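Reminder, nothing fancy here: chain letters follow the sequence lines and each chain counts from 1. What you see below is based on every heavy atom in this structure, not just the backbone, and it leaves out hydrogens, waters and symmetry mates. Since we're looking at a predicted model, the values are computed, not measured.
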Amino acid sequence: MENFSIKGSNYIPTVHFDAKSGVLEISGESYHEYTVEFFQPIIQWLREYLATPGREIVFNFKMVYFNTSTSRRFLEIFDMLEDYQRSKKGKVTINWYYQNNDFDMLESGQDFAEDVNLPFNFYTF
Amino acid sequence: MSELVPNKSIYEFYRLVEEHHILLAFQGMMTTDILTMMGKNLKEQAEDHIFHRRIFSVMVELVQNINLHSADKAYSESDKKMVGKGIIVLSTSADGKIFTVASGNLIRKSEIESLRQKIDHINRLSEEQLRDYYLEQLRAPEDQDSSGLIGVARRAKNPLAYDFIHVDEEHAFFLLTVPIHQQNSDK
């Protein structure tokens, strides 16, 4: 499967999914007003990637800021990953990075960690 | 036919901005490009980046609220769709310790009651209840949820103040005011 990349700009995050290593990363800022459209190809790539069972996935979130609308899309991704781990013998690790002292971003990660059944690690960057 | 703005009005406008310590104001179509410009402007004034990001996050949600829910919409060339129009104002208290983000837009009068209930409900919840409600609403159908407003209440750590001003038979002007205290940025 091909890798997937989006070069970030003002309100668009940088995305790099490495199909072979299973390291998926999203970073930067995301406050697109129409996140359904923006995330559609990302979700689509993931759906195809997760069709193969037994993958080992490390998902790095290195976000500086994201809006509520983006939170909805992240939750959608977490639900997919949770389902993959439960029913497709996948092994998923979430690394949630937040800038030093940015407790808002830490809290956002903790929200997700409480809501979905996936292992979360928290790191500063 | 609109007339030219008299010089005196422009001066009064300038005075108003000075008097109320308005750092940033925009009236018109709430496009994503406008948000980016406001974000850059905020960064230039920033000393405490994390606090300013918190202010920006409140602005983003209020701008997107106008975009989605304003009764006054126009076609945006940059966004290639209809976007809501309204006003957004960022000001500080005289001592610079409290920042207030205010938004205003036209709504249909039939929407007043449900909006009032939505905001009153959010204002009654504790921090923990807000988190649970937020997560619940993130899974609610798009455009019907309150997650944007809940997010604002959580970031601001203050109740959301609102007002409805009579415009005409069908419309009201919906005002939402969110104060953010500087010391709240470090827990």
Side-chain angles (χ1 to χ4, degrees), chain A residues 8-13 27-40 43 61-83 97-118 120 122 124-125, chain B residues 30-40 48-68 76 78-81 83-84 127-128 130-132 134-143 145-152 154-157 184-187:
Chain A
S9 69
N10 293 325
Y11 48 85
I12 289 169
S27 60
E29 300 193 40
S30 175
Y31 54 95
H32 204 288
E33 297 203 48
Y34 318 104
T35 56
V36 176
E37 291 158 42
F38 174 73
F39 275 86
Q40 202 274 332
I43 304 268
F61 286 81
K62 290 188 180 166
M63 299 303 295
V64 173
Y65 166 68
F66 57 92
N67 62 355
T68 300
S69 185
T70 299
S71 294
R72 297 174 71 95
R73 305 289 84 79
F74 283 177
L75 202 55
E76 212 175 314
I77 290 171
F78 289 132
D79 284 346
M80 287 168 76
L81 295 170
E82 190 186 42
D83 188 56
Y97 292 84
Y98 62 99
Q99 286 188 319
N100 204 14
N101 291 322
D102 191 350
F103 297 112
D104 289 344
M105 272 297 121
L106 170 63
E107 190 182 68
S108 297
Q110 287 169 336
D111 285 349
F112 290 125
E114 279 204 28
D115 199 62
V116 294
N117 192 13
L118 288 168
F120 271 69
F122 291 94
T124 53
F125 74 108
Chain B
M30 296 296 166
T31 61
T32 316
D33 285 342
I34 286 298
L35 259 184
T36 302
M37 272 172 58
M38 291 199 275
K40 282 190 177 146
D48 176 350
H49 288 279
I50 287 160
F51 180 62
H52 278 77
R53 200 172 296 137
R54 176 174 283 183
I55 296 171
F56 184 60
S57 75
V58 170
M59 290 178 70
V60 167
E61 301 302 332
L62 295 193
V63 162
Q64 292 177 349
N65 215 32
I66 295 172
N67 185 6
L68 288 173
S76 155
S78 62
D79 284 8
K80 302 266 177 274
K81 54 180 78 186
V83 298
E127 244 181 79
E128 203 169 307
L130 273 176
R131 190 201 55 206
D132 293 345
Y134 179 71
L135 285 162
E136 179 197 310
Q137 288 289 303
L138 283 183
R139 295 177 191 279
E142 213 95 21
D143 298 351
D145 72 308
S146 317
S147 51
L149 287 180
I150 307 165
V152 167
R154 291 183 76 196
R155 287 284 174 265
K157 301 182 192 304
N184 282 356
S185 70
D186 32 58
K187 290 189 199 175

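- Of the inter-residue distances, the one linking A:N10 atom CG with B:M37 atom CE reads 11.5 Å to the nearest 0.5 angstrom.
- For A:E37, the part lying near chain B is the side chain, with the backbone staying farther off; criterion is any non-hydrogen pair under 4.5 Å.
- A:Y34 is listed as a side-chain neighbour of B:N67, based on a closest heavy-atom distance under 4.5 Å.
- Residue B:K40 qualifies as open at atom NZ: its count of foreign heavy atoms under 6.0 Å is 12 or below.
- The number of heavy-atom neighbours closer than 6.0 Å to CG of A:N117, taken from other residues, nucleotides and ligands shown, is 12 or below.
- With rounding to the nearest 0.5 Å, the separation of CE in B:M59 from CG in A:N67 is 14.0 Å.
- With a 4.5 angstrom heavy-atom cutoff, A:E76 does not touch chain B via any of its atoms.
- Residue contact with chain B, scored on non-hydrogen atoms closer than 4.5 Å, involves the side chain of A:V36 exclusively.
- Within the 4.5 Å cutoff, the side chain of B:R53 has heavy atoms near those of the A:Q99 side chain.
- Contact tally against chain A (heavy-atom pairs below 4.5 Å) for B:G151, B:S147, B:G39: the top residue is B:S147.
- Atom-to-atom distance recorded for B:L135:CG and A:F112:CZ is 7.5 Å, nearest 0.5 angstrom.
- A:R72 approaches B:P141 most closely through the heavy-atom pair NH2-C, 3.5 Å.
- When every heavy atom of B:G148 is checked against every heavy atom of A:T68, the shortest pair comes out as N-CG2, 3.7 Å.
- Heavy atoms of B:V83 lying under 4.5 Å from chain A belong exclusively to its side chain.
- With respect to A:E33 and B:K81, no salt bridge is recorded, no charged nitrogen being found less than 4.0 Å from a carboxylate O.
- Expressed to the nearest 0.5 Å, how far CZ of B:R154 lies from OG of A:S108 amounts to 7.0 Å.
- A:D102 and B:I50 make their closest contact through N-CD1, 3.7 Å (heavy atoms, listed as atom of the first residue, atom of the second, distance).
- Looking only at heavy-atom pairs under 4.5 Å with chain A, the residue among B:V152, B:L68, B:L35 that has the most is B:L35.
- The heavy-atom pair separating A:Y31 from B:Q64 by the smallest distance is O-NE2, 3.2 Å.
- One finds a salt bridge joining B:R54 and A:D104 here, because a Lys/Arg side-chain nitrogen approaches an Asp/Glu carboxylate oxygen to under 4.0 Å.
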